[in-house]
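Reviewing the structure listed below.
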Amino acid sequence: MCGIVGYLGPKNPKDVIMTGLKALEYRGYDSAGVAILHEGKFKRVRAEGKLGNLSEKLASEPFSGHLGIGHTRWATHGKPSERNAHPHSVGSVSLVHNGIIENYVELRQELVREGAVFESETDSELVAHLVDRQLAKTPNLLDAVLQVLPRLQGAYAIVVVNEKQPDTMVAFKNGPPLIVGVGDDAMYVASDIQALVNYTRRIVYLDDGEVVEVKGPSYKVFSAAGQPLQKKVNEVNWTSEVANKGGFSHFMLKEIFEQPRAVAQAIQPHINLAKNSVELNGVGFDVNDVFRDIERVFVVACGTSYYAGLIGEYMIERLARVPVEVDIASEFRYRHPVLPKNSLFISISQSGETADTLAAVRLAKQAGVKVLSICNVRSSSIDREADGHLYMNAGAEVGVASTKAFSATLALLNLLSLALAKAQGQSTIEEEQKLVRQLLAAPSQIEICLNLDKFFKEAADKLKNYRGFLYLGRGVHYPIALEGALKLKELAYMHAEGYAAGEMKHGPLALIDKDMAVVMMVPHDELFEKSLSNLEEAKARGGQIISIGTGHNPRLEEISEHYLSLPEVDWFTLPLLEVVPVQLLAFHVASSLGHDVDQPRNLAKSVTVE
Ligand code: M6R
């Protein structure tokens with residue numbers, strides 16, 4: 001989390017840095033700040049809260065220099081405040097940091113013993129102290145950084161500048177992403193490409209343990225031991241995905257409405273329309289060859305991506321008959337997992353930067369297992385490290401709450417389960433064609449579900465008064481219950497829980513009374529009667545029932561406070577439809593409570609620390 005930018009060149013650094021920070025604000029919005037050279041000194045301007053507050057403060061600030069750094073913060077150590085905002089400045093040194101210095105307690109105590117005075121509660125400030133002290137012994141910024149590096153434990157991407165070297169910036173990383181942008185007469189560093197695409201498309205990806213020294217319009221990359229390294233300059237063909245709400249009140253609402261297109265774009269490269277068959281194209285390895293021998297699948301992800309993975313488990317096991325384990329990345333990486341050789345490891349990540357998912361990918365690679373990444377952001381860290389790639393093609397997702405990336409992922413998992421089933425000899429051509437036709441129909445069925453927007457807009461004022469929400473589902477619909485609860489928690493800040501409906505009697509039923517809303521997925525399938533019984537039990541205890549089912553269903557309508565009818569499709573693509581009402585519910589309840597739906601409190605779009 002946190003976004004960092006550095007600029008050295010002839011343009012006005014304020015403009016370049018603020019443009020970059022705007023593109024990086026999804027990484028955190030607790031505070032923002034810049035340090036830019038002005039008349040030989042770094043002028044530091046910082047503001048608590050969103051970037052707009054910093055923009056206001058900067059409006060009338062002149063800067064005469066051509067070197068500057070900027071930061072948008074997601075607080076780890078120290079509360080969100082101007083005092084804790086980056087850049088941190090000590091002596092002639094200013095720096096911005098994304099990450100966590102894990103040995104900060106020891107280092108800080110040591111520095112305090114030596115007389116250092118800290119002005120913030122952050123772990124980042126101590127790095128500025130260390131570099132400043134080192135500069136007294138080794139006056140060159142690069143040399144000082146190389147001396148300080150071995151002392152730092154944890155995750156960091158740092159850009160540091162020194163007033164005494166107004167033509168130099170040094171950046172280094174271990175964990176969080178950091179890229180170098182190579183311009184014709186200027187140099188840039190940033191957390192991601194979007195921050196730089198307005199200025200350059202020539203990008204160098206720094207690897208962990210690397211240090212870049214930017215001097216004038218050129219740069220050199222070194223190992224942590226100071227050995228010069230040759231790095232490839234990548235020409236990226238990204239265009240600037242200028243954040244625009246396209247007439248919607250919020251990015252999230254726009255992204256919910258973009259789901260039909262997101263699903264269509266995700267599946268389009270991989271479907272042979274003449275045969276109605278799946279052909280996973282451009283993956284990066286021979287899919288049939290690899291999939292034929294797979295004996296076990298691991299799916300690892302966080303948050304919403306993890307819930308998509310859970311749905312993938314149902315699909316893959318049911319169609320391909322290959323055992324699947326789905327794990328939360330932060331658990332997987334530390335649980336000493338057993339990864340047999342003939343396993344396929346699937347990582348799911350919209351951003352491609354989630355620290356725990358990235359660490360899990362590395363663990364799988366070390367175990368010699370093929371890694372297939374499902375990702376939205378091309379050239380992100382996970383995308384670059386994986387052996388194979390399936391792209392969501394969902395376009396930029398700006399709202400912190402993931403919506404269209406979830407749907408695009410589900411559609412890719414639909415395809416992947418069919419491809420695996422085919423390679424394993426578990427499916428017939430007819431079955432594949434039937435399910436492909438069903439998937440092709442999903443975008444227009446999602447369109448129909450979007451009409452529920454009006455219902456939730458009107459119902460939100462009432463719904464927001466419930467004390468809590470229990471989301472229930474069975475089978476592929478259970479992860480939708482989990483996703484619905486997560487959406488409500490992160491946007492409306494209300495208590496919500498997702499449960500497997502069959503588990504109700506094992507505890508959660510005790511929560512139910514007249515102030516509790518029960519949102520249940522009740523498709524008309526083989527488990528319909530069982531789900532209906534669960535609903536009756538909740539209703540008997542006073543729960544307010546909101547049921548999400550398929551088609552016209554008088555029994556459900558009768559026991560529900562609200563019955564929401566979805567098109568009648570079966571299990572394979574139904575989660576793509578069911579997720580729409582739970583997204584809309586969370587969006588409208590949060591809006592009616594007056595919350596910032598696109599940037600909910602305490603969260604960030606890209607979680608680059610564990
Ligand atoms: O970028 P990723 O898909 O790896 O992100 C994973 C989670 O951080 C993310 O899905 C998070 O749970 C969302 N805020 C949920 O809406």
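Just so you know, ligand 1 is whichever comes first in the structure, and atom 1 is the first atom listed for that ligand. Starting from 1, each residue takes its place in the sequence as its number.
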Starting from [atom], what is the nearest protein heavy atom, named by residue and atom, and what distance separates them?
{"atom": "atom 6 (C) of ligand 1", "result": "Cys302 O, 3.3 Å"}
{"atom": "atom 5 (O) of ligand 1", "result": "Thr354 OG1, 3.5 Å"}
{"atom": "atom 8 (O) of ligand 1", "result": "Val607 CG2, 4.0 Å"}
{"atom": "atom 10 (O) of ligand 1", "result": "Thr304 N, 3.1 Å"}

Find all atoms of ligand 1 within a distance of less than 4.0 Å from any non-hydrogen atom belonging to [X], and give their numbers and elements.
{"X": "Ser349", "result": "1 (O), 2 (P), 3 (O), 4 (O)"}
{"X": "Lys487", "result": "15 (C), 16 (O)"}
{"X": "Ser402", "result": "15 (C), 16 (O)"}
{"X": "Val400", "result": "13 (C), 14 (N), 16 (O)"}
{"X": "Glu490", "result": "13 (C), 14 (N), 15 (C), 16 (O)"}

Distance-only, no hydrogens or angles: does the Ser591 side chain make a donor-acceptor pair with backbone N or O of Phe587 under 3.5 Å? yes
Check: Gln599 side chain, Val400 main-chain N or O, donor-acceptor pair, under 3.5 Å: no
Polar proximity ligand 1 side, Thr357 side, N/O cut 3.5 Å exclusive: no
State whether the shortest distance between N or O atoms of Lys605 and N or O atoms of ligand 1 falls below 3.5 angstrom. no
Under a 4.0 Å N-O cut-off, is there an ion pair linking Asp208 with Arg362? yes
Regarding Glu610 and Arg333, does a basic nitrogen lie under 4.0 Å from an acidic carboxylate oxygen? yes
List the atom of Gly70, the atom of Ile17, and the distance in Å for their closest heavy-atom pair.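 Distance-wise, the nearest heavy atoms are CA-CG2, 3.6 Å.
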Shortest non-hydrogen contact between Ser351 and Ser380, atoms and distance: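 Of all heavy-atom pairs spanning Ser351 and Ser380, the closest is O-CB, 3.3 Å.
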Tell me the nearest of Gly303, Ser351, Ala355 to atom 12 (O) of ligand 1, using heavy-atom distances.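 Comparing heavy atoms across Gly303, Ser351, Ala355, the nearest one to atom 12 (O) of ligand 1 lies in Gly303.
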Would you say Tyr499 and Met504 make side-chain contact, with heavy atoms under 4.5 Å? no
When you measure from the centre of the six-membered ring of Tyr391, is the NZ or CZ of Arg378 under 6.0 Å away and within 45° of the axis?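 So Arg378 does make the cation-pi contact.
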